[in-house]
Amino acid sequence: MSSNEPATEIPKAYDPHGVEPEVTRRWLEAKIGAATPLANGETGDTYSIVIPPPNITGALHLGHALNNTLQDVLIRYHRMKGDRTLWMPGTDHAGIATQTVVEKRLLAEGTRRLDMGREAFVERTQQWKSDYEAIITGQLRELGASCDWDRTRFTLDEMCATAVRHAFYHLFKDNLVYRGKRLVNWDPVTQTALADDEVEMENVDGHMWYLRYPLADGSGHVTVATTRPETMLGDTAVAVNPTDPRAAALRGRHVRLPIVDRLIPIVEDDYVVMADPDSSDAKAQFASGFLKVTPAHDPNDWDIGVRHDLAVINVMAADASISDQHGWEDISDEARQFVGMSREEAREAIVAWFEANDLLEEVRDYSHSVGHSYRSHVPIEPWQSDQWFVAVTDDRLRGNALRAQDASQVPELPEGVNARGDQQGDGEMVFHPERYARTYHAWHANIRDWCISRQLWWGHQIPVWSRRLHPDILDAVALAALDGVGLDEARQIEGVWSAAGAVHTVRRITDDEIEEAVCVPPDATLRRLDRVDASFDEPGLVKALEAAGFERDPDVLDTWFSSGLWPLSTMGWPYPEDFPDSIGLLESFNPTSVLITGRDIITLWVSRMTMFNRYFMDGQLAFEDVFINTLIQDGHGQRMSKSLGNGLDPRDVIHTHGADALRFTLVQMSTDTQDVRMPVELICPHTGEVFAPEWITTPAGHLVAAPIQHSPSDPSKTMLSPYGVAIGAAEPTDDVPLARLTSPKFDLGRNFANKVWNATRFALGRVEVGQLPEVVDETVHLFPDRWILARLHETLARVEDAIENYHYNVYADALYDFIWRDVCDRYLEAIKPTVDGNAAQQAVLAAVLDAVLRILHPVAPFVTEALWTNVSAVRRGEVEGLELPSSDLLALAAWPVVNDSLADPGVVEAFERVDQLVGSIRAVRSERNVKPKQQVILHAPITVRELIATASGTVETLAGVGEVLEMEGAERPAAASSLTFEGSELWLSGLAEEIDLDAERSRLQKIIDAKSKQVSGFEGKLGNPGYVNNAKPELVEETRRLLAATKEDLTAAETAMAALAP
RNA sequence: GGGCGUUUAACUCAGUUGGCUAGAGUGUCUCCCUUACAAGGAGAAAGUCGGGGGUUCGAGUCCCUCAACGCCCA
């Protein structure tokens, strides 16, 4: 059988598109990601990751590609290591974000959410979800993500919904969920509360108005400065800084609020900025020193109100118009004229009123930042409304989140938090990189209760039914429970609903209104409750409640509530037996091994998962490690975003470079810094050329690709940049098409994949199938074989250490160095003359290649899997010290084991000397323009000839040396070049016809200069008594040795130079 | 306003507790289409490690300070 046949079957260049779909098909067919939980009583190592569920709002971007590649590397590594692995895939319903994109789509179609109704809208959104879930999971598969696809979850699916309902019920019962009036970020147009991160800060050119408030005793006035005069109707105090010189005189006095005629106190609070016209801080420049305090309409004022026990008077309706129907009871006749005005109209009218009454002191232009709704783009209104909250400030939640942290990363816990104890999970959560432990920790120090209700339709509807009653018709139990309890404080009571399994609370809304709220557990929970009245199932209970006049809360839960349960809900919690596929998952895979995510959601997500998992699972962590991946910016250090048109689509990169190239490059870029830059270039749609676009600066100061770009080789042809499309400059046409983005950084990964492909082609052509010995004993190895096995041993250790410590770039670099530099450039070249006919060497070659594919697989799964079939087909026999059990699929093959018996520091060191020598010879060859095929003659002293002999042909092969001659007593051949090596002068002859003496002299002079510089450096060090006395003795010894060696090199070069003298 | 990060070759980045002559990839230059790979091979040039100060025998690395850029939170 000819040894060259397999090579001819493999194409010359790696073609990712020809390979990836077939490889993916084989993985899916074999269900490589399928997780098998440990059976009862079974033991073994497990490894699990839950995917940060991508939002179904759109397709995955490059950041997702990075995040998921990093997870897949770990999963594939641990799978090969023999761990039971689970990578749980899924998507997030992303409440407000999804509802917004669907509403936008509806508007474009001419319908509105309110017109179609809740049910139809949810159905429509469900369709959107199906479309994007398919796109997203398709993208993940294209990327090579080896998730357990049969378990794909969705935060709104039945399993997750059960978990959400159960968790809510549990928290409600434990008094960790409550209803309260709070200031929320209110969007008066869409009439919903927004999360803080849904508020966009925008700079607004406005005014600072200076209003006079008369003192109650008529002795004068104070002047308050405000940007929002319309809210003065709700003022309940004026605040002054206690260190203000005017404060003492005003202590205990009151102000008569104009228009409203309300008597309000002057309070002292150090939040108030003191007036200072010379300050560099604009706030101080514009301050009057007196702050009007409106707790119902400003979050800072709310806090002041809490500190000073001030009244909260809400003067606005849900649409932000002035209203006396939402808690404003002391309205005056004068004030009545403003009721019904929009907040903008009211502002003008009130300013006019102050001016007309001679109470407007001054108006100044003032630019400040104002929160706007990211949905309607109007200024948000801090507005008091009824919302549901989770009491995350409770030690059962916050304390658990903080105690989870590794004590060496965060030694001190805040005051009021119990110390770490011996509860499971305490002190066991570790952040990588370490600095993010502080981010997590600091956030919890000032945490507030978590508002979890959202006025949306898309999400988990809050499972609470309520009704309001007059106290007169309330039963005795309820009345007794509320005895002595203030407004808005709920109390749990026992009654028919609780007998049936629900949690029943009452609270006083006003003096003559009581609210009853009933939290209904999911049916799965209800069935298992030990209850007095077990005649109700969940639908029956709901029916009974509604018959009694209860209505379900229309709001849905904040998306993060369901995401916070992700490591539990996806594994079937709380009742896996109801979902047979998930039996055993919690026991085997929770806590998960690591969470990989972005730093922007350490607070929103990481914290909540930790709180929930620990709370519901008796302290058990959601994950043991948290790895925060880098953020990819564009080439100018700007965040990639749709609006700047600078975001790369992973599908484009897979198309131009292949999935392995994408993965390898991303992993190679993953250092432990927080940002990395990815310079983007355009692909000309006319010619396919890649070019750097022409940049322009946007009004906001961003560097973006000009909307219209010119083809680099034919400027008459134009195209549209993604930025041009983003700002709507034009629609792409046939003449002016859209240019796609790419980055030259991915060339690295593509070239590397191709290199591996070709190295394998070479090797396969050299290994004679069926000729390999059963077992190759170490004693038969030639020098390069012993060396490459020793290097494999070193590389494996380095790779394992890198992966296990999340040093992704080290993993990629170690592979790149070993495969390209050692295996390809050195080993394959060195064995070319001997490998044919040497069965033992062929066995080593095949084994090394096999091991290379295994250790490369986690980062470059496609090319390695594609080659695996060929490599495992030819490999026969074993190399002693290497454990490489066979497997049909590489994805399911074992991670290689390289025994320490293959470590060989002596050979590694000898090879380094060989490398040095080869380098010097090659430099001379290049300098003298010696053709690659031409063999040269090396004249060397005995020590060097011994090294060459030890290396058994490696030097000759790599350096193109045909003959090695003794130097002792020999004449220097004419036209020879000199080189220096380890202090000796060596000659190279047989180079070319002629020698250029000038070039030769300048080459030698360069060596002399460099060596002289080094010599003086070493001498300087050794002449310094401080160094000789203080540095480690072995270091000083090493410097002495280097000095001596370098001096010898210098002498040799000088001798050579002298020989060239005319 | 608080916190964090970055600044090393033309570009993108490594450089682990201070210690061998500061590295890699891309790009540039020279040579080579050598039967694995031109997405390749061989060689070369290229750095006052952001500025200033300090600690030390010794600083890219530790400390202080200034500057620029970026991110997160408020």
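Below, chain A is the first sequence line, B the second, and so on; all start at residue 1.
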Query raised in the report: Which nucleotide in the list B/U21, B/C37, B/A44 gets nearest to the side chain of A/Phe1018?
Result: B/U21
Requested in this report: Look at all strands and tell whether A/Thr671 reaches a base, only sugar-phosphate, or nothing, counting heavy atoms closer than 4.0 Å.
Outcome: sugar-phosphate
Requested in this report: Tell me, with the steps shown, if A/Phe431 and A/Arg438 meet side-chain contact (heavy atoms from CB on, under 4.5 Å).
Outcome: CA-CA 9 Å; A/Phe431 277 87; A/Arg438 291 197 294 278; over 6 Å; no
Requested in this report: Please work out if A/Arg599 contacts a base, only the sugar-phosphate, or nothing of the nucleic acid, heavy-atom cut-off 4.0 Å.
Outcome: sugar-phosphate
Query raised in the report: Can you tell which of B/U12, B/C13, B/G41 lies closest to the side chain of A/Val676?
Result: B/C13
Query raised in the report: Less than 3.5 Å between a donor and an acceptor, one on the side chain of A/Glu829 and one on the base of B/A36, is that the case here?
Result: yes
Query raised in the report: A/Ala763 or A/Arg922: which one's nearest nucleotide on RNA chain B is closer to the 5' end?
Result: A/Ala763
Query raised in the report: Roughly how many Å is it from NZ in A/Lys931 to P in B/A42, rounded to a whole number?
Result: 17 Å
Query - Side-chain donor-acceptor contact under 3.5 Å, A/Gln841 with A/Thr834 - result: yes
**Report entry** Interatomic distance where CD belongs to A/Gln935 and C1' belongs to B/U34 [whole Å]
**Finding:** 12 Å
**Report entry** Whole-Å P distance, B/G52 and B/G15
**Finding:** 24 Å
Requested in this report: For the residue pair A/Thr439 and A/Arg599, confirm or rule out a side-chain donor-acceptor distance under 3.5 Å.
Outcome: no
Query raised in the report: Okay, side chain of A/Asp822, backbone of A/Tyr827: is any donor-acceptor separation there less than 3.5 Å?
Result: no
Report task. Give the nucleotide from the list B/A42, B/A39, B/A36 with an atom nearest to the side chain of A/Ser926. Result -> B/A42
Requested in this report: Taking the six-membered ring of A/Phe762 (Phe, Tyr or Trp), confirm whether the NZ or CZ of A/Lys832 is under 6.0 Å from its centre and within 45° of its axis.
Outcome: yes
Query raised in the report: Are any of the side-chain nitrogens in A/Asp915 or A/Arg922 under 4.0 Å away from the carboxylate oxygens of its partner?
Result: no
Report summary line: Of A/Leu1042 and A/Gly635, the one whose closest nucleotide on RNA chain B sits nearer the 5' end is A/Gly635
Query raised in the report: Distance between the P atoms of B/C4 and B/C62, in whole angstroms?
Result: 15 Å
Query raised in the report: Just wondering, more than 12 heavy atoms not from A/Glu909 lying within 6.0 Å of its CD?
Result: no
Requested in this report: Would you kindly say whether A/Asp303 and A/Tyr271 are connected by a side-chain donor-acceptor distance under 3.5 Å?
Outcome: no
Report summary line: The nucleotide from B/A36, B/U6, B/G19 with an atom nearest the side chain of A/Thr673 is B/U6
Query raised in the report: Given the C1' atoms of B/U8 and B/A46, what is the spacing between them in whole Å?
Result: 13 Å
Query raised in the report: Whom does B/G25 pair with, Watson-Crick or G-U wobble, provided both distances fall under 3.5 Å?
Result: B/C11
Query raised in the report: Tell me: CH2 of A/Trp757 to C1' of B/G40, nearest whole Å?
Result: 17 Å
Query - Least distance between heavy atoms, A/Ile788 atom then A/Phe818 atom - result: CD1-CE1, 4.0 Å
Query raised in the report: In whole Å, what separates the C1' atom of B/G23 from that of B/A39?
Result: 24 Å
Query raised in the report: With a non-hydrogen cut-off below 4.0 angstrom, is A/Lys832 in contact with a base, only sugar-phosphate, or nothing?
Result: base
Query - Interatomic distance at P, B/U17 relative to B/G60, whole Å - result: 14 Å
Query raised in the report: For B/A42, what is the paired nucleotide under Watson-Crick or G-U wobble rules, both distances under 3.5 Å?
Result: B/U30
Query - Closest nucleotide among B/A42, B/A39, B/U34 to the A/Pro932 side chain - result: B/U34
Query raised in the report: How far does the P atom of B/C66 sit from the matching atom of B/C72, given to the nearest Å?
Result: 25 Å
Query raised in the report: Can you find a heavy atom in the side chain of A/Arg750 that is under 4.5 Å from one in the side chain of A/Asp747?
Result: yes
Report summary line: Side-chain contact check for A/Glu1038: nearest option of B/C20, B/U6, B/U34 is B/C20
Query raised in the report: Should we say atom NE2 of A/His441 is surrounded by more than 12 heavy atoms from elsewhere, each under 6.0 Å from it?
Result: yes
**Report entry** Atom-to-atom span, CG of A/Asn758 to P of B/G40 - whole angstrom
**Finding:** 10 Å
Report summary line: Pairing partner of B/C71, by Watson-Crick or G-U wobble and under 3.5 Å for both distances, is B/G3
Query raised in the report: When the P atoms of B/G53 and B/C71 are considered, how many whole Å apart are they?
Result: 32 Å
**Report entry** Under-4.0 Å side-chain N/O to phosphate OP1/OP2 contact, A/Lys933 with B/U34
**Finding:** no
Query raised in the report: Using 4.0 Å as the upper bound for N to carboxylate O, is an ion pair formed by A/Lys1032 and A/Glu1038?
Result: no
Atom pairs under 3.5 Å, N or O on each side, protein against nucleotides 23-27 of chain B: can you list them with distances?
{"residue": "B/G25", "atom": "OP1", "partner": "A/Arg821", "partner atom": "NH1", "Å": "2.9"}

Can you give me the N/O atom pairs linking the protein to nucleotides 54-60 of chain B at distances under 3.5 Å, or say none if there are none?
{"residue": "B/C57", "atom": "O2'", "partner": "A/Asn1024", "partner atom": "ND2", "Å": "2.4"}

Requested in this report: Could you tell me the separation between the CG atom of A/Leu828 and the P atom of B/U35, rounded to a whole number of Å?
Outcome: 16 Å
Report task. Check each of A/Arg798, A/His807, A/Gln668 against A/Asp813 using the side chain to side chain donor-acceptor pair (under 3.5 Å) test, and report the only one that passes. Result -> A/Gln668
Query raised in the report: Just how far, in rounded Å, is C1' of B/C31 from CG of A/Asn929?
Result: 6 Å
Report summary line: Note: A/Pro693 and A/Leu682 closest approach over all heavy atoms is CB-CD1, 3.6 Å
Query raised in the report: When the P atoms of B/A42 and B/U34 are considered, how many whole Å apart are they?
Result: 15 Å
Query - Centroid separation A/Tyr440 to A/His444 less than 6.0 Å - result: yes
Query raised in the report: Looking across every strand, which nucleic acid part, if any, lies under 4.0 Å from A/Lys755 by heavy atom: base, sugar-phosphate, or nothing?
Result: base
Query raised in the report: Which whole-number value in Å describes the distance from A/Asp822 CG to B/G41 P?
Result: 14 Å
Query raised in the report: By a strict heavy-atom criterion of less than 4.0 Å, which residues belonging to residues 430-444 of chain A are in contact with RNA chain B?
Result: A/Arg435
Report summary line: Rounded to whole Å, CD1 of A/Ile632 lies from P of B/U6 at a distance of 18 Å
Requested in this report: Any strand is fair game: report the nucleotide pairing with B/G50 by Watson-Crick or G-U wobble, both distances under 3.5 Å, or none.
Outcome: B/C66
Query - Under-4.0 Å side-chain N/O to phosphate OP1/OP2 contact, A/Lys12 with B/A39 - result: no
